[in-house]
Amino acid sequence: MESPKAYNPKDVEDKIYKLWLESGFFSPSSAKATAGKPEKKFVTCIAPPNITGELHMGHALELTLQDIIVRMKRMQGYRTLWLPGTDHAGIAAQNVVEKQLAKEGLNRHDLGREKFLERMWQWKEKYGNAILEQLKKLGLSLDWSRTKFTMDPEYQEAVKTAFLHYHKKGWIYQGERVINWCVRCATAISDLEVNYIAEKSKLYYIKYGPFTLATTRPETKLGDTALAVHPEDGRYKNYIGKELEIESVDNLIPNDQPPQKNKIKILVVADESVDPKFGTGIIKVTPAHDITDFEIGQRHNLKSIKIINEQGRMNENAGIRYQGLKTSQVREKIVEDLQALGLIEKVEEYEHNVGRCDRCNSVIEPLPSKQWFLKMKDLAEMALKAVREGRVKIHPERWAGPYETWLKNIRDWNISRQLWWGHKIPIDGEEDVLDTWFSSALWPFATLGWPASAKASAGKPDDFQEYYPTDFITSDRGILFLWQVRMIFSGLEFTGEAPFKDVYIHATVLTKDGKRMSKSLGTGINPLELIEKYGTDALRFGLTSQATGLQDLRFGEDLLVMGKKFANKLWNVARYTLIKLGENYEQQEKTPDNEISRKMREIAKLTTESIESYDFAEAANRLYHFVWHEIADKFIEETKNKDDQETKDTLAYLLLTSLKLLHPFMPFVTEEIYGQLPWLKEKQLLLVEKWPIDKL
RNA sequence: GCGCCCUUAGCUCAGGGGUAGAGCGUUCGAUUCACAUUCGAAAGGCCGUAGGUUCGAGACCUACAGGGCGCACCA
């Protein structure tokens, strides 16, 4: 057979992927795939990409690692299932479509809920499908016959069932509590969706009767209902429990008139949460606009006065002097007034953390709002136990620490969002939708037919019974708490079993200078452009060879140059072998017993071990070195003036074994070469060839 | 504030007690041979700093510095 001197991925990739699809081997239930292997199963759980846009490098790495495991397991004779899908991505997707509308000069209220949701579904059709197509470009061996979306009708049933289950148990409650409110997105968001970013601002020392106290948010003064000190703080002991009359600014004087003083009464309480070392050791308590203050308020039965509304402006409780102003404006105004009245002692420069919305970067406004909450106490306990008892293993192990810490500090989960795109809260008259992670948390079993299948008693086993729980999941550290933790406790609560046995936290792909890759920062790199330039195998191999799980990966194209050269080297090792062996070579049953073949077997063993312990980079680099420097540089050179049978047998053995071992990493070039070998006796697809090492 | 990770060649990273490694890049040279996406060679490192353990430390311990991350605070 004539093959080009250089490997050209473009001639190969689409053709090969089509071949795999037609074979049916991606599905564990195809007749061919199940033949003779009813027992061994391996199921891996995908992190469904958001429908918001396109694939990024993080996806490329994560999905490649997952595909490596799946392909090895399939070759080891396991019935493998890897189910693809997409996530509706509530707030993120809604924001994207709203931005699109804004370009047309519209907002979602102009369209109304129904029309807006139509737009969302149109978006989902177009971009959801586009993403799935991109996954195929990465060569992933996903079972496309089982593709799911987090808002499929059956999935909606699962979400409803889960919500009602919690509700019936009394774990879901509606409460007026201080939550993180994003003024721009006009919705509540969870603690995890707030990013705290250090910013320079000012610390104002305000006179409160006999005290002076420090605050960064003087405007919340209008909602103060107490002062608080630490119970052990000697300086203020005599004041605890007393109500003081203090001078303040009169908020009923219209703002076109000079400020005037008035007198207000305020209680002093003692609370452990006060740090005596901060400022003057005494703080103002604004239960309506600070989460900590809200909790102090609850402990001491304090009144809560809401002075900031959902638009981020002062409401009627702030008094006519300030009503209607934005919080940033009122801050200046009130400081001005207090200064005029001599109620400000000093102002210091101060750097502190400001909460910003994870999705739009607006400043978060904590405010009291009626929201739905899920009690986390028991669920957190379950999730903790599952990891402590080893039913779920986290790799690398050091992530188990943060997992513990996070669960121990957890607050109840605010699961309602004031959005239109998402799962409606399944209680009559409720207009809100659920946090997108509430549905994501059910992914491992909702995609397999839970809860319908869990109830089905008779008949043949269905997907849920057959493939749950799964074996493996991998993700970036960024969603360990947002998602993995929530899948674990949801799985335990609804199915009695953890949804997966192993969680592997892979490296985060950064830019060359160590910055986070982000589309909005313009630092993102589109993997598809790199595939165009270097080929999928080069991308996969390059990324994998540097993904160690310990250190983040600073991405540079030099990795792909290496991958591309290596694919070509393998291609030419094959060309040499084909020419050397000729048309009439016959495959031998026995593997040759010589030094290089023994080394090859050792490499096979080590590769298997490395992949099974998630040392992907180690496996990739070892294979690279062996194929290039042992097989090509040394052994092949030595065979150039030999023509004996053992040499041929050895070449054939080395090539086939290398193809098998490299197939999980570089599926396209290996499959293409395999297809060109004329001497194989029972040729099928490399995809389902027997892995060189059976059991360790 | 508490904790975790990282610091090794120009760049990106391996190496986890016993003569400093890879890929990319650079320089020089080769080439009708499976591959110029190749081959050969070279240059390039007091392995973040300072102490300690050891016959021996890039590796183990302790501090410190710089970079990153998580949790808490963020009044």
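Below, chain A is the first sequence line, B the second, and so on; all start at residue 1. Below, each value reflects all heavy atoms present in this structure, side chains not excepted, and no hydrogens, waters or symmetry copies.
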Handout entry: Quiz item: A:Lys569 side-chain donor-acceptor pair to B:C35 base, under 3.5 Å
Key =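 Per atom types, the contact qualifies.
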
Handout entry: Carboxylate-amine/guanidinium contact A:Lys385 A:Glu381, below 4.0 Å
Key =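 Judged by the 4.0 Å cut-off on N to carboxylate O distance, A:Lys385 and A:Glu381 do not form a salt bridge.
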
Exercise for the section: State plainly whether the residues A:Lys642 and A:Glu638 are in salt-bridge range, i.e. N to O under 4.0 Å. Expected result: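 Salt bridge flag = no for A:Glu638 with A:Lys642.
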
Practice task
Please determine if a side-chain N or O atom of A:Thr405 lies less than 4.0 Å away from the OP1 or OP2 oxygen of B:A72.
Solution key: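 Indeed not, no polar side-chain atom of A:Thr405 lies that close.
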
Exercise for the section: Can you tell me, in whole Å, how much space there is between the P of B:G23 and that of B:A42? Expected result: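 Going atom to atom, P in each nucleotide, I get 14 Å.
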
Handout entry: Nearest-Å distance for atom pair NZ/P, residues A:Lys565 and B:U37
Key =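 My rounded result for the distance is 8 Å.
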
Problem - Syn-anti status, with the boundary at 90° from 0, for the nucleotide B:G44 - result: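 Here the answer is anti: the torsion falls beyond 90° from 0.
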
Practice task
Using the C1' atom as the reference point in each nucleotide, state the distance between B:C33 and B:U7 in Å, no decimals.
Solution key: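 46 Å, rounded to whole Å.
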
Handout entry: Pairing nucleotide - B:A22, Watson-Crick or G-U, each distance under 3.5 Å
Key =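 Across all strands, the one nucleotide that pairs with B:A22 is B:U12.
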
Practice task
Check A:Trp406, A:Tyr403, A:Trp399 against A:Phe481 for a ring-ring contact (aromatic ring centres under 6.0 Å, His included) and give me the one that passes.
Solution key: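 So the option named by the test is A:Trp406.
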
Practice task
Ignoring the backbone of A:Asn568, work out which of B:U12, B:C73, B:U37 is nearest its side chain.
Solution key: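 Given the options B:U12, B:C73, B:U37, the side chain of A:Asn568 is closest to B:U37.
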
Handout entry: Nearest-nucleotide pick for A:Thr548, side chain only, options being B:C73, B:C71, B:A14
Key =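 Of B:C73, B:C71, B:A14, B:A14 is nearest to the side chain of A:Thr548.
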
Exercise for the section: Report the base-pairing partner of B:C33 (Watson-Crick or G-U wobble, both distances below 3.5 angstrom), or none. Expected result: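 Pairing partner, where one exists within any strand: none, as none qualifies.
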
Exercise for the section: Please state how far atom CG in A:Asp615 lies from atom P in B:G16, giving the value in whole angstrom units. Expected result: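 So the two atoms are 12 Å apart, to the nearest Å.
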
Exercise for the section: Remember a base hit wins even if backbone is also touched, and classify A:Ile636 as base, sugar-phosphate or nothing at under 4.0 Å, heavy atoms. Expected result: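 Base: the residue A:Ile636, judged by heavy atoms under 4.0 Å, touches a nucleobase.
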
Practice task
Provide, to the nearest angstrom, the distance between the CD1 atom belonging to A:Ile283 and the C1' atom belonging to B:C73.
Solution key: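 Atom-to-atom, A:Ile283 to B:C73, this comes out as 12 Å.
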
Practice task
Look at all strands and tell whether A:Asp633 reaches a base, only sugar-phosphate, or nothing, counting heavy atoms closer than 4.0 Å.
Solution key: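 It contacts sugar-phosphate atoms only.
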
Handout entry: Touch class at under 4.0 angstrom, heavy-atom based, for A:Gln551 against every strand present
Key =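 The residue A:Gln551 makes sugar-phosphate contact but no base contact.
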
Exercise for the section: Could you please name the option among B:U37, B:U12, B:G70 that lies closest to any side-chain atom of A:Pro402? Expected result: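 Selected nucleotide: B:G70.
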
Handout entry: Distance-only donor-acceptor test, A:Lys640 side-chain atoms vs B:A34 base atoms, 3.5 Å
Key =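 Present.
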
Exercise for the section: Kindly point out which of B:C5, B:A34, B:U38 is positioned nearest to the side chain of A:Arg398? Expected result: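 Side chain of A:Arg398 sits closest to B:C5.
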
Problem - Sugar-phosphate only, base, or nothing, as touched by A:Ala632 at under 4.0 Å among non-hydrogen atoms - result: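 Base: the residue A:Ala632, judged by heavy atoms under 4.0 Å, touches a nucleobase.
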
Problem - Carboxylate-amine/guanidinium contact A:Arg622 A:Glu630, below 4.0 Å - result: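 Salt bridge absent between A:Arg622 and A:Glu630.
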
Handout entry: Whole-Å P distance, B:C13 and B:U54
Key =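 About 36 Å, rounded to a whole number of Å.
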
Practice task
Determine the contact category for A:Tyr624: base if any of its heavy atoms lies under 4.0 Å from a base atom, sugar-phosphate if only primed atoms, P, OP1 or OP2 are that close, otherwise nothing.
Solution key: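 Sugar-phosphate only.
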
Practice task
For B:A30 and B:G67, measure between their C1' atoms and round to the nearest Å.
Solution key: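 After rounding to an integer number of Å, I get 44 Å for this pair.
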
Practice task
Can you sort out the partners of A:Tyr504 under ring-ring contact (aromatic ring centres under 6.0 Å, His included), two or more places apart, ordered by chain and number?
Solution key: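 In terms of ring-ring contact (aromatic ring centres under 6.0 Å, His included), with neighbours along the sequence ignored, A:Tyr504 is linked to A:Tyr614, A:Phe616.
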
Handout entry: Selection from B:C74, B:C35, B:G23 that lies nearest to any side-chain heavy atom of A:Glu637
Key =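 Nucleotide nearest to A:Glu637's side chain: B:C35.
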
Handout entry: Interatomic distance where CG belongs to A:Asp476 and C1' belongs to B:G70 [whole Å]
Key =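 For the pair A:Asp476 CG and B:G70 C1', the rounded distance is 13 Å.
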
Practice task
Please determine, for B:G44, whether a Watson-Crick or G-U wobble partner exists with both distances under 3.5 Å, and give it or none.
Solution key: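 None - no nucleotide pairs with B:G44, as no candidate has both distances under 3.5 Å.
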
Exercise for the section: Ignoring the backbone of A:His352, work out which of B:C73, B:A75, B:C71 is nearest its side chain. Expected result: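 That would be B:A75.
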
Exercise for the section: Check every atom of B:C35, B:U38, B:A75 against the side chain of A:Trp628 and return the nucleotide holding the closest atom. Expected result: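 Nearest to the side-chain atoms of A:Trp628, counting from C-beta on, is B:U38.
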
Handout entry: Integer-rounded Å distance: B:G25 C1' and A:Glu557 CD
Key =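 That distance rounds to 14 Å.
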
Practice task
Residues of residues 204-222 of chain A with any non-hydrogen atom less than 4.0 angstrom from an atom of RNA chain B: list those, numerically ordered, please.
Solution key: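 Result for residues 204-222 of chain A: A:Ala214, A:Thr215, A:Thr216, sorted by number.
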
Problem - Pairing nucleotide - B:G70, Watson-Crick or G-U, each distance under 3.5 Å - result: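 Across all strands, the one nucleotide that pairs with B:G70 is B:C2.
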
Problem - Rounded distance (Å) that lies between atom C1' of B:C4 and atom CH2 of A:Trp406 - result: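 In whole Å, B:C4 C1' and A:Trp406 CH2 are 18 Å from each other.
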
Problem - N-O pairing of A:Asp502 and A:Lys393 below 4.0 Å - result: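 Answer for the salt bridge query: no.
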
Problem - Nearest-Å distance once atom C1' is located in both B:C55 and B:C4 - result: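 That atom pair is separated by 35 Å.
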
Practice task
Determine, for A:Arg477 against A:Asp552, whether the closest basic-nitrogen to carboxylate-oxygen distance falls under 4.0 angstrom.
Solution key: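 Answer for the salt bridge query: yes.
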
Handout entry: Pair A:His506-A:Ser475, side-chain donor/acceptor within less than 3.5 Å
Key =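 A:Ser475 and A:His506 do not have a side-chain donor-acceptor pair below 3.5 Å.
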
Handout entry: Position toward the 5' end of RNA chain B (nearest nucleotide), A:Val573 or A:Pro276
Key =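 Checking each residue's closest nucleotide, the 5'-ward one belongs to A:Val573.
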
Handout entry: Nearest-Å distance once atom P is located in both B:G29 and B:G58
Key =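 Their P atoms lie roughly 38 Å apart.
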
Practice task
Can you label the angle between the A:Trp413 ring and the A:Phe489 ring as parallel, tilted or perpendicular, going by 30° and 60°?
Solution key: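 Perpendicular: the ring planes of A:Trp413 and A:Phe489 meet at over 60°.
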
Handout entry: Euclidean distance, atom CG of residue A:Asp552 to atom C1' of B:U12 [Å, nearest integer]
Key =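 Those two atoms, CG and C1', are 13 Å apart.
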
Problem - Rounded C1' spacing from B:G10 to B:G44 in Å - result: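 Between the two C1' atoms, the distance is 8 Å.
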
Practice task
Could you check whether A:Glu199 gets within reach of a base, just the sugar-phosphate, or nothing at all, counting any heavy atom under 4.0 Å?
Solution key: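 Since no nucleic acid heavy atom lies under 4.0 Å of A:Glu199, the category is nothing.
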
Practice task
Measure from NZ or CZ of A:Lys565 to the centre of the six-membered ring of A:Tyr534 and say whether it is under 6.0 Å with the direction within 45° of the ring axis.
Solution key: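 The answer is no; the distance or angle limit is not met.
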
Exercise for the section: Give a yes-or-no answer on whether the side chains of A:Thr508 and A:Asp476 include a donor-acceptor pair shorter than 3.5 Å. Expected result: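 On atom types as modelled, these side chains qualify, holding a pair under 3.5 Å.
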
Exercise for the section: Indicate, with a heavy-atom threshold strictly under 4.0 Å, whether A:Lys512 touches base, sugar-phosphate, or nothing. Expected result: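 Sugar-phosphate, backbone atoms only, no base.
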
Practice task
Describe the nucleic acid contact of A:Phe481 in one word from base, sugar-phosphate, nothing, applying a heavy-atom distance below 4.0 Å.
Solution key: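 Result for A:Phe481 = sugar-phosphate.
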
Handout entry: Rounded distance in Å - CG (A:Asp290) to C1' (B:C74)
Key =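 The distance from CG of A:Asp290 to C1' of B:C74 comes to 9 Å, rounded to the nearest Å.
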
Handout entry: Base paired to B:U7 (Watson-Crick or G-U; both N/O distances under 3.5 angstrom)
Key =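 For B:U7, the partner nucleotide comes out as B:A65, under the 3.5 Å rule.
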
Problem - First encountered from the 5' end of RNA chain B, between A:Arg554 and A:Gly514 - result: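 Counting from the 5' end, the first nearest nucleotide belongs to A:Arg554.
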
Practice task
State which of B:A14, B:G68, B:U37 makes the closest approach to the side chain of A:Lys564.
Solution key: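 The answer is B:U37, which lies nearest to the side chain.
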
Handout entry: Pairwise P distance, B:C5 and B:C46 [rounded to whole Å]
Key =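 So the two P atoms sit 27 Å from each other.
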
Practice task
State whether A:Glu219 and A:Arg331 are salt-bridged, where the test is any N-O pair (Lys NZ or Arg NE/NH1/NH2 against Asp/Glu carboxylate O) under 4.0 Å.
Solution key: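 Counted as a salt bridge, because a side-chain N and a carboxylate O are separated by less than 4.0 Å.
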
Problem - Nucleotide of B:C39, B:A72, B:C11 approaching A:Asn409 most closely (side-chain heavy atoms) - result: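 Ranking B:C39, B:A72, B:C11 by closest atom to the A:Asn409 side chain puts B:A72 first.
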
Problem - Complementary nucleotide for B:U54 - Watson-Crick or wobble, under 3.5 Å - result: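 Because no pair has both required distances under 3.5 Å, B:U54 counts as unpaired.
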
Problem - Counter-base of B:A59, judged by Watson-Crick or G-U geometry with both distances under 3.5 Å - result: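 Its partner is none (no Watson-Crick or G-U wobble pair with both distances under 3.5 Å).
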
